[in-house]
Chemist: 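What follows is a single structure, and I will ask about it in a moment.
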Amino acid sequence: MVPIFEKLVDNETYLKEKIGIGASFDLGIRKIFVLKREVHLYYCNGLCDTQYLIQLLKQIVQINDDERQSVQAKQILENRLVHQQVSPVRDLNEAIDKLLSGLIVILMEGETSGFIVDVRSYPGRQPQEPDTEKVVRGARDGYVENIIVNTALTRRRIRDERLRFEIIQVGERSKTDVCIAYIKDVADPGLVELVKKEIKQIKIDGLTMADKTIEEFLVKQGYNPYPLVRYTERPDVAATHLLEGHVIIIVDTSPSVIITPTTLFHHVQHAEEYRQNPAVGTFVRWVRFLGILASIFLLPLWILFVIEPSLLPEKLAFIGPNKHTHIPTIVQIFLADFGIEFLRMAAIHTPTPLSTAMGLIAAVLIGEIAINVGLFVPEVILYVSVAAIGSFATPSYELSIANKIARLLLALAVALFKVPGLVIGTTVYLILLARIRSLNTPYLWPFIPFDPGAFMQIIVRRSVAGGKVRPSIVHPQNRRKQPT
């Protein structure tokens, strides 16, 4: 702690050495006199709302015209700070942290404390529908890179006095704001304390990758490809999970929030299922499940039938390539799968006006010519494409990539060991998933350990009126969603 000096020149010298006042063009100081006492106002260009600053300066300067009691200059100055968020400060280092966050610092000659006024106005975009979580019907607002806007979007949907937003600064140099959101009488206190403890223990220079860095410290995932937290850019999805007893982590500069804890089945749900009636929502969910299963098991099964055609019933004997090439089938599958991955990466890095042309080149020229020259058989392109569509139907991008890795490993096991490869590979795959825990939460719940009621809610989309209890996996303090 460095106490604020009574002499403003000493404070100015300290700030010049510490943060480069005068050297950095975006950090500025405004010097004025109030009742014959000098006042310094420190600000950071680009993070402050200039209109607020002008109004504050007008009020401060008018003190000289309206007041004469110089003995009470500090109290008069505080009363003229026409803003709802004004707080005292006695530590220069704390004042520096606030200044670099976009707040302004006001110091007066002869005083050992100053004022901090929140006039932040972070550059950013307006809330709009997230590209990765679109719905046919529903809200079109989405989280943005501003933590203040994100908390407001959440608060708008849950106006409960027990909703808590606790903020922590993480990063020795970045000092990034990280907000922990939960409902006090619903969320498990042990879970809340665990999340706080893990975040406070983070020691790093900065969170340049925002929420992803927080995730890696929080769940210590290592090289496990399966996502252990869920990301969402939709405030309605985050609010729903808050009401269920989850803890939400909002990181400044990130347009997505982290939902904890989560299981595998949290990653296969989509807001569209809950924007339709239960029957349509259930149908959409089953189709999505079918696509996810196809993205994992379709190619390994097809390879098995290609290698062992005797396993096929007579009516399905047509399955398998009609012509042979010099390239093994498993190699063709890996090449085609990597080719689709190349296209996905290229689509991300290709400007929108050129993406259509890129798709035509990939589909018409590369795909067709590759088949004509004998690099691929048509069936390989068909089944790889169906598996890829199943990956695209997976709501969680992270889960779709993890499923692709699992699909390729299973396909390789089948190519090497045939039927035993499929059986043993699938068994090992399920065992590894069952062993995963996210913040002490079983990853395959409610399948393993089996919970019949919760499992039926995964299979069938129930009406809102029928869902009267919260998921037991988050250990909510209040199990019932609706009053008795």
Side-chain angles (χ1 to χ4, degrees), residues 84-89 91 93-95 97-98 100-103 116 118 120 122 143-172 174-204 206-207 209-220 228-262 438-441 470 474-478:
Q84 77 274 17
Q85 293 189 9
V86 179
S87 57
V89 61
D91 183 5
N93 286 333
E94 179 186 352
D97 290 343
K98 300 298 184 181
L100 296 177
S101 297
L103 291 79
I116 293 175
D118 190 349
R120 283 177 289 190
Y122 291 156
Y143 287 129
V144 294
E145 290 76 11
N146 189 325
I147 191 173
I148 305 299
V149 175
N150 292 345
T151 54
L153 290 172
T154 309
R155 178 76 70 177
R156 184 181 179 188
R157 286 167 169 81
I158 304 178
R159 301 176 184 179
D160 187 0
E161 67 275 11
R162 289 151 292 194
L163 175 61
R164 299 289 183 265
F165 290 114
E166 298 187 15
I167 200 162
I168 302 171
Q169 284 194 331
V170 179
E172 182 66 26
S174 68
K175 296 180 175 61
T176 305
D177 291 327
V178 178
C179 174
I180 300 171
Y182 62 95
I183 299 179
K184 187 176 181 181
D185 67 331
V186 175
D188 177 17
L191 173 62
V192 175
E193 289 303 318
L194 175 62
V195 173
K196 288 183 188 176
K197 177 183 175 183
E198 294 292 335
I199 292 178
K200 288 179 180 178
Q201 288 179 348
I202 295 176
K203 304 298 180 184
I204 193 172
L207 301 180
M209 294 300 165
D211 49 4
K212 185 59 184 174
T213 306
I214 292 289
E215 177 202 346
E216 294 187 3
F217 277 99
L218 184 65
V219 296
K220 301 174 178 61
L228 302 184
V229 299
R230 180 181 177 183
Y231 290 97
T232 184
E233 296 183 38
R234 296 189 61 90
D236 50 0
V237 172
T240 300
H241 283 82
L242 281 171
L243 292 172
E244 289 182 351
H246 293 262
V247 175
I248 306 297
I249 302 173
I250 307 172
V251 184
D252 195 24
T253 73
S254 174
S256 56
V257 304
I258 297 174
I259 300 173
T260 60
T262 55
S438 172
L439 295 177
N440 300 323
T441 303
R470 296 183 172 90
V474 295
H475 307 292
Q477 299 182 73
N478 183 0

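Note that the numbering runs from 1 along the sequence shown for the chain.
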Chemist: Apply the test side-chain contact (heavy atoms from CB on, under 4.5 Å) to residues R470 and V186: give CA-CA distance (whole Å), side-chain angles for both, the deciding distance (0.1 Å), then the verdict.
Modeler: CA-CA 9 Å; R470 296 183 172 90; V186 175; 3.5 Å; yes
Chemist: Nearest 0.5 Å, please: how far is CZ in R157 from CG in D236?
Modeler: 5.5 Å
Chemist: Answer yes or no: is there a side-chain heavy-atom contact under 4.5 Å between L191 and H475?
Modeler: no
Chemist: Taking atom CG of N146 and atom OG of S254, what is their separation to the nearest 0.5 Å?
Modeler: 12.0 Å
Chemist: Between I202 and E198, is any pair of side-chain heavy atoms under 4.5 Å apart?
Modeler: no
Chemist: Short question: side chain of T260, backbone of V247 - any donor-acceptor pair under 3.5 Å?
Modeler: yes
Chemist: Please check this pair: side chain of Q477 against backbone of K184, looking for a donor-acceptor N/O pair closer than 3.5 Å.
Modeler: yes
Chemist: Under 6.0 Å from the CD atom of Q85, do we count more than 12 heavy atoms belonging to anything else shown?
Modeler: yes
Chemist: Ignoring hydrogens and angles, state whether a donor on the side chain of T154 or Y143 is under 3.5 Å from an acceptor on the partner side chain.
Modeler: yes
Chemist: Judged by atom type as modelled, is there a donor-acceptor pair below 3.5 Å linking the side chain of S101 to the main-chain atoms of L103?
Modeler: no
Chemist: Could you measure the distance from the CG atom of D185 to the CG atom of N478? Nearest 0.5 Å is fine.
Modeler: 6.0 Å
Chemist: Do I167 and V178 come within less than 4.5 Å of each other through their side chains, counting heavy atoms only?
Modeler: no
Chemist: Counting C-beta onward and ignoring hydrogens, is there a side-chain heavy-atom pair between E166 and Y182 closer than 4.5 Å?
Modeler: yes
Chemist: Is I258 close to Y231 at the side-chain level, that is, under 4.5 Å between some pair of heavy atoms?
Modeler: yes
Chemist: Any chance you could measure L153, atom CG, to E233, atom CD, to the nearest 0.5 Å?
Modeler: 12.0 Å
Chemist: Identify the heavy atoms of L242 and A181 that sit nearest to each other, and give their distance.
Modeler: CD2-O, 3.5 Å
Chemist: Does a side-chain heavy-atom distance below 4.5 Å link S87 with K98?
Modeler: no
Chemist: To the nearest 0.5 Å, what is the distance between CG on L243 and CG on L163?
Modeler: 9.0 Å
Chemist: State, to 0.1 Å, how close A95 and I116 come at their nearest heavy-atom pair, and which atoms those are.
Modeler: CA-CD1, 4.4 Å
Chemist: Where the side chain of N150 meets the backbone of V144, is there a donor-acceptor pair that is under 3.5 Å apart?
Modeler: yes
Chemist: Run I259 and I248 through side-chain contact (heavy atoms from CB on, under 4.5 Å) and show every step you take.
Modeler: CA-CA 5 Å; I259 300 173; I248 306 297; 3.6 Å; yes
Chemist: Are the side chain of T232 and the backbone N or O of A238 linked by a donor-acceptor pair below 3.5 Å?
Modeler: no
Chemist: Would you say the side chain of H241 lies within less than 4.5 Å of the side chain of R230, judging by non-hydrogen atoms?
Modeler: yes
Chemist: Is it true that a side-chain atom of T253 and a backbone atom of E145 form a donor plus acceptor pair closer than 3.5 Å?
Modeler: no
Chemist: Counting only heavy atoms not in K220, do more than 12 sit closer than 6.0 Å to its NZ atom?
Modeler: yes
Chemist: Can you name the closest pair of heavy atoms from I158 and A239 and give their distance?
Modeler: CD1-O, 3.5 Å
Chemist: Taking side chain to side chain donor-acceptor pair (under 3.5 Å) as the test, write out the residues that go with D118, two or more places apart.
Modeler: R120
Chemist: State, yes or no, whether a side-chain contact exists between V229 and D211 at a heavy-atom distance under 4.5 Å.
Modeler: no
Chemist: Find the distance between CZ (R164) and CZ (R162) and round it off to the nearest 0.5 Å.
Modeler: 9.0 Å
Chemist: Does I147 offer a backbone N or O that forms a donor-acceptor pair with the side chain of D252 under 3.5 Å?
Modeler: yes
